2 protein chains.
Amino acid sequence: MEAGQIILDEGKHSTGCIGLLAGFTYRHRTLRNGARQIISVHVPGDFPDLQSGLLGTAIHTLQMLTPGRLALFRADDLQRLVSERPAIRDALWRETLIDTSICGEWVANVGRRDARGRIAHLLCEFAMRLRSAGLLEGDSYELPMTQDQIADATGLTAVHVNRTLQEMRRTGLIHTERRMVKVNDWDRLAALGDFNPQYLHLEAVRN
Amino acid sequence: MEAGQIILDEGKHSTGCIGLLAGFTYRHRTLRNGARQIISVHVPGDFPDLQSGLLGTAIHTLQMLTPGRLALFRADDLQRLVSERPAIRDALWRETLIDTSICGEWVANVGRRDARGRIAHLLCEFAMRLRSAGLLEGDSYELPMTQDQIADATGLTAVHVNRTLQEMRRTGLIHTERRMVKVNDWDRLAALGDFNPQYLHLEAVRN
DNA sequence: CGACTGATTGACGGGATTCAACAACCGTGG
DNA sequence: CCACGGTTGTTGAATCCCGTCAATCAGTCG
């Protein structure tokens with residue numbers, strides 16, 4: 001799939017389900033006033049549309065953030081898999097529970113942190129999830145989001161995201177080049193974002 | 001249980017799970033800066049801690065909003081129930097998926113609506129969920145939250161919630177007396193909150 | 001009747017938005 | 001190779017919604 005391609009549209013009926021093999025996707029919703037909110041971002045290994053797939057209708061738009069590859073599961077195959085293989089069913093269930101956990105953290109992020117905190121938290125979460133997916137070795141990684149998208153994920157405006165990122169660069173917290181983010185001071189970034197990775201429930205994957 | 005009583009504390013190990021029989025509960029999280037964010041509110045019929053129960057650790061504090069009654073499920077009973085009764089398993093799974101859906105809507109609410117919109121949305125959601133739980137007949141209901149709690153649910157301050165509620169009363173949108181909220185103009189309230197009940201996935205309950 | 005919690009009010013300040021313009025970047029095609 | 005159009009990033013000034021602080025009022029309960 002190409003970057004920006006829409007996988008599933010808001011309001012559409014949906015039965016199957018996809019697994020994300022490579023690249024990143026994100027779910028978002030547009031309000032009537034035109035404002036957009038990104039609800040979640042997905043890294044390889046995630047199942048971005050379990051929710052709509054199992055509930056039947058998509059409540060959000062699911063879109064490619066970067067070019068990537070998907071695995072498609074047909075509805076009946078998924079059903080059979082879930083009923084015949086308890087371990088897989090439990091793993092998928094667990095995945096949906098972790099989705100909720102991350103979503104709850106986003107509520108707190110958007111609701112109770114200032115701009116610096118929100119962005120710092122987003123950077124920390126993304127780094128952590130990449131690392132747990134085995135896609136990050138050192139302390140720099142590619143954040144495949146435009147400032148517009150960061151704004152829509154954090155409930156800010158692109159202008160303010162820009163100014164806040166500049167401040168974080170000025171104070172030596174991070175370094176950016178192209179779309180590459182380098183975290184210079186992880187501890188200070190985590191403190192700024194009040195980041196506690198517990199909500200990601202990574203224990204099971206630690207190994 | 002009494003109002004305000006803590007059912008499950010942040011960070012605690014948790015194996016069982018509860019069902020809410022009567023009264024309301026809410027989950028919340030306190031950030032290091034002292035700010036509090038309410039992540040979700042539960043009405044009778046909900047299972048407020050499926051997430052922590054199945055994942056093993058509570059990431060949020062679960063607390064009684066009002067006096068109420070709970071049903072306790074022991075961990076092993078829950079396990080057996082889930083593995084022996086596919087219908088119950090599916091219903092519980094569905095419940096967790098709807099939790100996620102509501103949580104996503106809250107992200108959008110807190111991230112992209114102004115104070116009036118957020119509060120209007122909260123009022124609409126609560127009314128709708130009460131109605132679907134069979135606890136609401138007319139157009140007035142008891143909102144069992146203090147303005148402080150409304151603030152923590154919407155990412156605002158109590159002061160601003162107060163002023164916004166006053167404005168909503170002045171313009172005849174709602175009427176409040178004690179903790180009782182009467183919706184005078186549902187259509188205008190829903191429009192103000194940009195409320196679309198689709199995300200609640202109430203079809204299945206419509207009976 | 002005091003003590004407490006919750007609701008209300010006013011003045012002030014500030015973080016974030018808005019608007020608008022400009023610069024930098026990128027892939028495309030002549 | 002460079003001109004180009006579109007997207008993304010940057011900047012400044014003015015504005016405003018909401019937060020902060022602090023005091024007061026109202027209702028409840030022992």
Side-chain angles (χ1 to χ4, degrees), chain A residues 2-5 26 31 33-38 63-67 109-122 142-171 174-181 192-193, chain B residues 2-5 26 31 33-38 63-67 109-122 142-170 174-181 192:
Chain A
E2 304 294 324
Q5 212 171 330
Y26 67 114
L31 305 188
N33 61 20
R36 201 179 60 152
Q37 177 68 47
I38 295 181
Q63 197 167 0
M64 294 303 301
L65 188 54
T66 65
N109 196 40
V110 167
R112 285 298 184 215
R113 278 193 264 261
D114 64 8
R116 276 171 299 171
R118 291 186 210 180
I119 294 176
H121 189 92
L122 181 71
E142 195 188 0
L143 181 74
M145 302 172 82
T146 65
Q147 294 184 354
D148 239 304
Q149 290 165 335
I150 296 175
D152 285 336
T154 51
L156 299 166
T157 56
V159 173
H160 199 60
V161 167
N162 182 288
R163 294 196 235 263
T164 307
L165 281 176
Q166 280 181 59
E167 188 200 317
M168 292 168 80
R169 280 183 301 223
R170 249 203 327 276
T171 57
I174 60 171
H175 180 82
T176 62
E177 204 172 327
R178 318 288 219 83
R179 291 274 162 81
M180 204 62 124
V181 176
L192 185 61
Chain B
E2 305 293 327
Q5 211 170 330
Y26 67 114
L31 306 188
N33 60 22
R36 200 179 60 151
Q37 178 66 48
I38 295 181
Q63 195 168 0
M64 293 304 301
L65 189 52
T66 65
N109 196 39
V110 167
R112 284 299 183 214
R113 279 193 263 261
D114 64 9
R116 276 172 300 171
R118 291 186 209 179
I119 294 175
H121 188 92
L122 181 71
E142 195 189 2
L143 181 73
M145 300 171 82
T146 66
Q147 294 184 356
D148 240 303
Q149 289 164 335
I150 296 176
D152 286 336
T154 51
L156 299 166
T157 57
V159 173
H160 200 62
V161 167
N162 183 289
R163 294 196 233 266
T164 307
L165 282 176
Q166 281 181 58
E167 187 200 317
M168 291 168 79
R169 281 183 300 223
R170 250 202 327 275
I174 60 172
H175 180 82
T176 62
E177 205 172 326
R178 316 288 218 86
R179 289 277 163 79
M180 202 62 120
V181 175
L192 185 62

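Computed over heavy atoms, backbone and side chain alike; hydrogens, waters and symmetry mates excluded. Note on naming: letters A, B, ... go to the chains in the order of the sequence lines (proteins, then strands), and numbering restarts at 1 for each one. Bear in mind that the values here come from a model prediction, so they are computed numbers and not experimental data.
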Touch class at under 4.0 angstrom, heavy-atom based, for A:Ala115 against every strand present: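 Sugar-phosphate contact only.
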Across the strands shown, which category fits B:Gly4 at heavy-atom distances under 4.0 angstrom: base, sugar-phosphate, nothing?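 It contacts nothing in the nucleic acid.
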[X] [atom1] - [N] [atom2] separation (whole Å):
| X | N | atom1 | atom2 | value |
| --- | --- | --- | --- | --- |
| B:Leu156 | C:dG15 | CG | C1' | 15 Å |
| B:Leu165 | C:dT9 | CG | C1' | 15 Å |
| A:Arg112 | C:dG15 | CZ | P | 17 Å |
| B:Asp148 | C:dA7 | CG | P | 8 Å |
| B:Asn33 | D:dG19 | CG | C1' | 13 Å |
| B:Gln147 | C:dT9 | CD | P | 10 Å |
| B:Asn162 | C:dG6 | CG | C1' | 10 Å |
| B:Asp152 | D:dG19 | CG | C1' | 14 Å |

By nearest nucleotide on DNA chain D, pick out whichever of A:Gln166 and B:Asp114 is the more 5' one.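 Result: A:Gln166.
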If you compare every side-chain N and O of [X] against the phosphate oxygens of [N] (OP1, OP2), does one of them come in below 4.0 Å?
| X | N | value |
| --- | --- | --- |
| B:Thr157 | D:dC18 | no |
| A:Arg163 | C:dT18 | no |
| A:Arg118 | C:dG15 | no |

Donor/acceptor link under 3.5 angstrom from B:Arg179 side chain onto base of C:dG6: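 Side chain to base: no pair below 3.5 Å.
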Look at the side chain of A:Arg116 and the base of C:dG15, then say whether one donor and one acceptor between them are separated by less than 3.5 Å.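 Per atom types, no contact qualifies.
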Are the side chain of [X] and the backbone N or O of [Y] linked by a donor-acceptor pair below 3.5 Å?
| X | Y | answer |
| --- | --- | --- |
| A:Arg113 | A:Gly193 | yes |
| A:Glu142 | A:Val181 | no |
| B:Arg118 | B:Thr154 | yes |
| B:Gln63 | B:Gly4 | yes |
| B:Arg112 | A:Leu156 | yes |

Quick one: which of D:dC18, C:dT8, C:dC19 gets closest to the side chain of B:His160?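 That would be D:dC18.
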